[in-house]
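Just so you know, these numbers use all the heavy atoms, side chains as well, and skip hydrogens, waters and symmetry mates. Just so we're clear, the structure is a prediction, and the values are computed from it rather than from any experiment.
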Amino acid sequence: MQLKKYITQTVFASVITLAAAQAVAGGHGVMVGSAEMVPSKTIVENASASDDLAVLVAAVTAAGLADTLQSDGPFTVLAPTNAAFAKLPAGTVDTLLKPENIEILKTILTCHVVAAKAMAADVIKMAVDNGGMAEVGTVGGCMLTAKYDNQKVTFTDENGNVATVTIADVPQKNGVIHVIDTVLLPKG
């Protein structure tokens with residue numbers, strides 16, 4: 001019973017935080033970096049407006065995935081920030097953007113996409129219902145482990161890289177974005 005009360009309080013706090021973020025953004029959307037994410041726009045339209053997601057947008061465009069992420073969806077995108085990409089070894093992003101590496105880039109990017117709209121409360125419930133963590137399959141074939149602990153949602157890839165959700169529930173016309181602080185990678 002105590003756990004259910006804790007979950008309810010946490011979900012309520014998340015809703016309050018989202019409402020506050022929307023108020024700061026003029027009531028229209030959540031701020032990601034200096035850009036307002038407007039719920040009437042697609043994932044690509046919104047991400048393109050944010051300087052914090054410039055590397056992600058460049059990668060999505062280079063991989064030819066922009067049209068897919070502008071389609072109806074719904075999609076949940078775990079969106080690594082520029083700082084997340086900067087954590088990769090020097091030169092990795094430049095190498096991935098080369099035409100001969102596009103298939104690898106596509107796999108990496110689609111390991112950040114779930115073919116469903118999963119809000120933070122859904123992820124938290126799924127994790128709590130499964131003892132604190134749950135497996136999540138991605139469009140790219142990666143299996144991520146979603147975990148809810150210490151009022152944080154994290155996703156761990158098959159290599160042990162852990163991404164923390166820094167901004168949750170950024171509503172999109174075709175799904176939702178959760179901003180993360182680490183790039184998740186396919187196994188191997």
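- Of all non-hydrogen atoms in D169 and V30, the two that sit nearest each other are O-CG2, 4.0 Å.
- If you take OG1 on T110 and CG on L105, they are separated by 9.0 Å, rounding to the nearest 0.5 Å.
- Of all heavy-atom pairs between P80 and V183, the closest is CB-CG2, 3.9 Å.
- Screening L184, V114, V162 for a side chain to side chain contact (heavy atoms under 4.5 Å, CB included) involving F155 leaves a single residue, L184.
- Within the 3.5 Å criterion, the main-chain N or O of T164 finds no donor-acceptor partner in the side chain of T154.
- Side chain of D122 to main chain of M119: a donor-acceptor pair is present (N/O by atom type, distance under 3.5 Å, no hydrogens or angles).
- With hydrogens and angles disregarded, no donor-acceptor distance shorter than 3.5 Å links the side chain of N174 to the backbone of G73.
- Checked by atom type and distance alone, the side chain of N159 pairs as donor or acceptor with a backbone atom of P186 at under 3.5 Å.
- Taking every heavy atom of both residues into account, V44 and Q70 meet most closely at CB-CG, 3.5 Å.
- The main-chain N or O of V55 is found under 3.5 Å from a side-chain atom of N82 such that the two form a donor-acceptor pair.
- Between A118 and V123 the shortest heavy-atom distance is CB-CG2, 4.2 Å.
- Within the model, atoms CG of D67 and OG1 of T42 stand 10.0 Å from one another, a figure rounded to the nearest 0.5 Å.
- For A35 against S50, the heavy-atom pair with the smallest separation is CB-CA, 3.6 Å.
- No more than 12 heavy atoms of other residues, nucleotides or ligands shown are found within 6.0 angstrom of NZ on K152.
- Residues L97 and A62 approach most closely at CD2-CB, 3.7 Å, considering heavy atoms.
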Original post:
side chain to side chain donor-acceptor pair (under 3.5 Å) between K87 and T182: does it pass, once the steps are laid out?
Top reply: CA-CA 7 Å; K87 289 181 183 179; T182 302; 3.1 Å; yes
